[in-house]
Protein chains: 2
Amino acid sequence: MGQPTMDDVAAHAGVSRALVSLVMRDSPRVSDRSRKKVLASANELGYRPNVWARNLASGQTNTIGVMLNDLHNPYFTELAEGVAAAAAEAGMELLITSGWQRESGEHAAIETLLNMRTDGIVLGAARFSGEVFDEVAQQTPTVAVANFDEPESMDTVCNDEAHGSELVVDHLTKLGHTRIAHIDAGNAPGAPERRRGFMNSMSDRGLAPIVFDGDFNEHAGMSAAANLMKLKEPPTAIFAANDLSATGVLSHLRSIGARVPDDVSIVGYDDTLLAGLGALSLTTVHQPRQLFGRRSTELLLERIEGRTAAKHELIQPRLVTRSSTGPN
Amino acid sequence: MGQPTMDDVAAHAGVSRALVSLVMRDSPRVSDRSRKKVLASANELGYRPNVWARNLASGQTNTIGVMLNDLHNPYFTELAEGVAAAAAEAGMELLITSGWQRESGEHAAIETLLNMRTDGIVLGAARFSGEVFDEVAQQTPTVAVANFDEPESMDTVCNDEAHGSELVVDHLTKLGHTRIAHIDAGNAPGAPERRRGFMNSMSDRGLAPIVFDGDFNEHAGMSAAANLMKLKEPPTAIFAANDLSATGVLSHLRSIGARVPDDVSIVGYDDTLLAGLGALSLTTVHQPRQLFGRRSTELLLERIEGRTAAKHELIQPRLVTRSSTGPN
DNA sequence: GCCGTTGTATAGAGCGCTCTACTATTTACT
DNA sequence: AGTAAATAGTAGAGCGCTCTATACAACGGC
């Protein structure tokens, strides 16, 4: 007969199935005596409520879904951790799917969640346009952790990238640096905002922003650094698009015998595990990624409760000072 | 009326619900004409099969679950990626849950999967004993990626840790090293096997194994390295329990002015992102983590198909040589 | 013209729950 | 004592599917 059902428990406890159902859902409308009796029977039979049946009957899943672009990227996993914490506090289950860095993967992952009919979805995505998001938002409550142009159909939570750049420029100029270069990451998510923030902060201070093409990886940092150091007047500080790129910069500087931070200061962005390593010790911009997850989940729960007006939150990063930056 | 149901599609297409069901399940017992008609109606109404109802009625979920100890650890995410690939090939959905590094979290994560009644479970766990695994295996087909003592109740896939250590010792002795130290990680998962492999390989070559207490983190590597270098005859090569610990070693050696690999060679374990960074460039032991995922999923599918005899696979790692090791 | 096939389609009984409406029993309050 | 209100429990109709058993053509063989 396979797994025991609610009817089995009811029969064993000598009560109705409805009562067992109430007990399982922690209803207050059950006497202590019955509750104990039912729980004892359930326990004895090894009863485990059938989620499929429950969700079918109730039309709810008590579950929220998170779609992550890439499980290998700590950005997304920390995001997920924040979501998990907030979901647990609200008594909700969490289902995670990943797009494995591919756009088709993200589609499939979202499709899986929509099929599961989770009560809502948190999108930690990067690969596609606002329209796709919109389509999802049409079908279920949705919160995106990404910086779109404040769409009406869903809530968003994102990092104030430009402000992060401002913090970096502020830190470096206070250390006396004036020739500061930024290695950007083209149009990758977040990169344009970081670049814009850098350029504005520099010109606000009457300084000429130096920007070199780059990407969010180590190699880009290495080759951009090589080009920068070949300039007639090389910069005294380099602000990379992210920590990985900064690591590339560091690697190149060491290879040409430049001392960090004595000759050149380096700043990263993201405050990943890398930045904290003793062997690297990068000054970097910390984003409260777990907080992104928390806030997005809180917003999602509000939506599930019925709010319809879109909310958009901008979260402030902070600078973490380590030993890759020093006075000029 | 919310989402359209199968009945709506049936009515719209002028056929029975049973026929729609057959079409949705790609049954060959449907004429082309009917199939097209049904598909058109479904599409027009925006019909999406209700997974809950389907699973309830069919008693299957066509889904496998993966429980990961920690989403931040690349070991587990690459494992998951392998599982995802194999699951996709078999036409199965994938559900991921995480224990967030806590034992209670792992319990909850497993509970979620059991409640979901996935067709099978892959356990990428680290925090608890074989008995807990056994209990899970009693309830559903299970494969663990971990090195237990070949339990009867489930399949296992694991890395041949000892062999990895052997590769390291072989590499270092061929470079002429004889005073080789290992910084271990106590009883953390995999650590005892790595230590044992190291000790055996050393004594096989008539060399005295030096083993210092450590852990799987950076700090442990730093302090163990400090102690090692204070010895009257410091080792000429240090084999750390993992890459993170090796990073700590590197950091300490640099701080005391020792050159790597000229003065001291360093070897890590795991071949994480860290090891490949230009600024670190660690020789390390690579484990085919995705393969672990693939194989475990394949074994799981066999179990779901009905195999009951336990299978246990040991997968061979290989050495990746970078610039942290050199001749003595 | 009858029978057995083969190919399509349908009816209808569940799957294991939830939830509304209802009954039965106490307790509370004039 | 008599009624209202609160408390505890139950019956039974779904939820949206799957799947077995069955119906009904259309066809070929004799």
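Letters A, B, ... mirror the listed sequences (proteins, then strands); counts begin at 1. Treat the numbers as computed from the prediction; the structure is a model and nothing was measured.
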Would you kindly give the [atom1]-to-[atom2] distance between [X] and [N], to the nearest whole Å?
X: A:R33; N: D:dT7; atom1: CZ; atom2: C1'; answer: 15 Å
X: A:M6; N: D:dA11; atom1: CE; atom2: C1'; answer: 15 Å
X: B:N50; N: D:dC15; atom1: CG; atom2: C1'; answer: 8 Å
X: B:R29; N: C:dT10; atom1: CZ; atom2: P; answer: 12 Å

Donor-acceptor pairs are to be reported for all side-chain atoms of residues 76-91 of chain A against protein atoms at under 3.5 Å, with residues two or more places apart or in another chain.
unit_1	atom_1	unit_2	atom_2	d
A:T77	OG1	A:P74	O	3.2
A:E78	OE1	A:R289	NE	3.0
A:E78	OE1	A:R289	NH2	3.3
A:E81	OE1	B:H72	NE2	2.8
A:E89	OE1	A:R294	NH2	2.8
A:E89	OE2	A:R294	NH2	2.6

Assign B:V15 to base, sugar-phosphate, or nothing according to its heavy-atom contacts below 4.0 angstrom with the strands shown.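 Sugar-phosphate, no base atom in range.
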
What nucleic acid atoms does A:V51 come within less than 4.0 Å of, heavy atoms only: base, sugar-phosphate, or nothing?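 It contacts nothing in the nucleic acid.
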
Does anything in residues 16-26 of chain B come within less than 4.0 Å of DNA chain D? Heavy atoms only, and list the residues if so.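 Heavy-atom cutoff 4.0 Å gives B:R17, B:A18, B:S21, B:R25.
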
Any idea which heavy atoms bring A:A53 and A:N50 closest together, and the distance?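 Shortest heavy-atom separation between A:A53 and A:N50 comes out as N-OD1, 3.1 Å.
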
For B:Y47 and B:P49, which heavy atoms make the closest approach, and how far apart are they?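 In terms of heavy atoms, the two residues are closest at OH-CA, 3.3 Å.
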
With the side chain of [X] defined as its heavy atoms from C-beta on, choose the nearest nucleotide among [options].
X: A:S58; options: C:dC15, C:dC19, D:dC19; result: C:dC19
X: A:S31; options: C:dC15, C:dC17, D:dG9; result: D:dG9
X: A:T5; options: C:dG16, D:dG16, C:dT18; result: C:dG16

Nearest-0.5 Å distance, CD of residue A:Q101 to CG of residue A:N69: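 Those atoms lie 6.5 Å apart.
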
Say whether, by atom type as modelled, one donor and one acceptor occur between the side chain of [X] and the main chain of [Y] under 3.5 angstrom.
X: B:N73; Y: B:Y75; answer: yes
X: B:T97; Y: B:M67; answer: no
X: B:D155; Y: B:K311; answer: yes
X: A:H107; Y: A:R102; answer: no

Report for the helix from C:dG1-D:dC30 to C:dT30-D:dA1: angle between first-end and last-end helix axes, five pairs each, rounded to 10 degrees.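 What I find for the helix from C:dG1-D:dC30 to C:dT30-D:dA1 is an axis angle of 40°.
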
Worked check of salt bridge (charged side-chain N to carboxylate O under 4.0 Å, His left out) between B:D7 and B:R17: CA-CA 6 Å; B:D7 281 307; B:R17 170 169 32 86; 3.1 Å; yes

